[in-house]
Amino acid sequence: EDPYLKEAALRSLKNAGDDQELLYDFSFSEENISRRGPSKGDLGVIVCMDDEVKEIYDKKSLLTKFINLFREREGNLALVSIGDGKKEEIEKIVKKANFGKDDLFVHISIPNFPDPILLRRHIALKMLLNSHSTAVMAKLGRVVGNTMTNVSPSNLKLIGRATYLIMSHVNDTLSQKEWIEKYGKMEPISFSSANAVLFDAIDYVSSSNIGQTAEVALSIIRILEALKTKKFVSWEDALRILNLEGLENYLLKLNPAIRAKR
């Protein structure tokens with residue numbers, strides 16, 4: 001049995017404490033509103049399927065309460081509607097809501113027939129939300145090349161993904177002609193080596209209180225810096241580089257393939 005995977009499994013079980021239900025409770029309840037309700041400038045997103053948008057007419061509906069809450073707390077709103085209605089018809093309904101000039105409205109019109117289980121509209125909605133989240137991550141600078149490197153390795157699946165990201169970026173850099181000419185030809189790092197560095201990074205991040213999702217970036221920088229300088233590189237050294245340059249700018253200097261993708 002792989003000791004790293006065993007350790008990851010034990011770590012995941014340990015992290016899954018009694019507060020999991022609380023952490024993943026996103027219900028629109030009074031307790032949640034008081035504990036982590038919207039603040040000024042926050043964005044509230046409403047997704048309506050079919051006739052759910054008509055709940056705007058009901059002043060007691062959760063949809064109306066949600067809209068009014070964001071209005072009261074000076075937040076912004078975005079409403080995504082998907083169904084077989086025409087955009088003009090849905091816009092008339094939305095205008096009845098307490099929407100402001102800076103709020104957004106998106107409608108996707110998909111006919112019912114021939115789709116008796118409404119699969120197409122669920123797929124369309126998923127594609128829209130996935131595209132939006134990917135665009136947000138890119139806007140925040142969390143996409144390097146063609147990968148999103150800000151992964152929190154909190155379970156087995158994400159640990160595997162984080163390990164692959166480390167291998168991918170390190171080995172891609174090592175294979176570049178520019179790297180070979182400057183630092184010499186080097187063997188690609190293995191999964192187990194990348195995984196070992198990742199687990200060390202997880203311990204460092206958790207004990208240093210520097211925030212989650214830095215493990216992959218720190219691991220990539222530490223490995224490449226050690227190979228480049230042929231010297232010991234500490235996590236503090238890697239963190240200093242990450243804070244000063246960011247992962248993308250760091251890799252842009254070493255990997256022409258990433259520069260070509262910009």
Side-chain angles (χ1 to χ4, degrees), residues 15-143 148-152 154-155 158 211-213:
N15 289 339
D18 297 332
D19 61 345
Q20 292 299 294
E21 184 177 352
L22 182 64
L23 289 174
Y24 291 98
D25 177 12
F26 296 107
S27 60
F28 187 52
S29 62
E30 292 298 328
E31 183 180 353
N32 273 345
I33 292 171
S34 61
R35 182 161 55 91
R36 52 183 182 186
S39 302
K40 183 177 180 179
D42 283 350
L43 176 65
V45 180
I46 305 164
V47 179
C48 294
M49 299 287 289
D50 300 307
D51 290 338
E52 289 176 340
V53 70
K54 293 181 180 179
E55 291 182 18
I56 286 174
Y57 291 130
D58 183 359
K59 294 182 179 180
K60 295 182 179 180
S61 70
L62 288 176
L63 192 155
T64 303
K65 289 180 180 178
F66 185 87
I67 292 171
N68 291 338
L69 176 66
F70 271 81
R71 282 285 77 88
E72 292 166 7
R73 300 197 179 184
E74 299 183 65
N76 298 313
L77 288 161
L79 190 148
V80 179
S81 169
I82 182 165
D84 62 345
K86 294 181 179 179
K87 183 180 179 180
E88 294 76 15
E89 297 172 352
I90 308 299
E91 278 184 334
K92 289 180 182 179
I93 299 174
V94 174
K95 284 180 181 178
K96 300 284 185 181
N98 191 10
F99 263 51
K101 62 181 179 64
D102 294 327
D103 297 326
L104 300 174
F105 166 61
V106 177
H107 177 67
I108 303 172
S109 182
I110 298 180
N112 282 333
F113 183 82
D115 188 17
I117 61 173
L118 307 181
L119 182 62
R120 284 189 299 174
R121 48 184 80 181
H122 283 281
I123 292 174
L125 178 60
K126 178 173 174 57
M127 290 174 65
L128 175 68
L129 296 179
N130 283 353
S131 300
H132 177 266
S133 64
T134 301
V136 168
M137 290 298 104
K139 186 84 171 176
L140 293 173
R142 296 179 179 178
V143 175
M148 189 168 69
T149 53
N150 279 52
V151 174
S152 178
S154 55
N155 58 44
L158 295 176
Q212 288 184 322
T213 72

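Values in this document were obtained by computation on a predicted structure and should not be read as measured data.
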Ignoring hydrogens and geometry, is there a side-chain-to-backbone donor-acceptor pair from [X] to [Y] under 3.5 Å?
X   : Y   : answer
D42 : S39 : yes
T64 : K60 : no
R73 : P38 : yes

Under 3.5 Å, is there a donor-acceptor pair between the R71 and N68 side chains?
no
What distance do [X] atom [atom1] and [Y] atom [atom2] have between them, rounded to the nearest 0.5 Å?
X    : Y    : atom1 : atom2 : value
I82  : I90  : CD1   : CD1   : 11.5 Å
I67  : L62  : CD1   : CG    : 11.5 Å
H132 : K139 : NE2   : NZ    : 11.0 Å
E31  : R36  : CD    : CZ    : 9.5 Å

Decide yes or no for [X] and [Y]: does some side-chain heavy atom of the first lie under 4.5 Å from some side-chain heavy atom of the second?
X   : Y   : result
C48 : L63 : yes
N98 : F70 : no
I46 : E55 : no

Where does the angle between the aromatic ring planes of H107 and F105 fall among parallel (under 30°), tilted (30 to 60°) and perpendicular (over 60°)?
parallel
Chi angles and distances behind the side chain to side chain contact (heavy atoms under 4.5 Å, CB included) call for E89, I93
CA-CA 7 Å; E89 297 172 352; I93 299 174; 5.9 Å; no
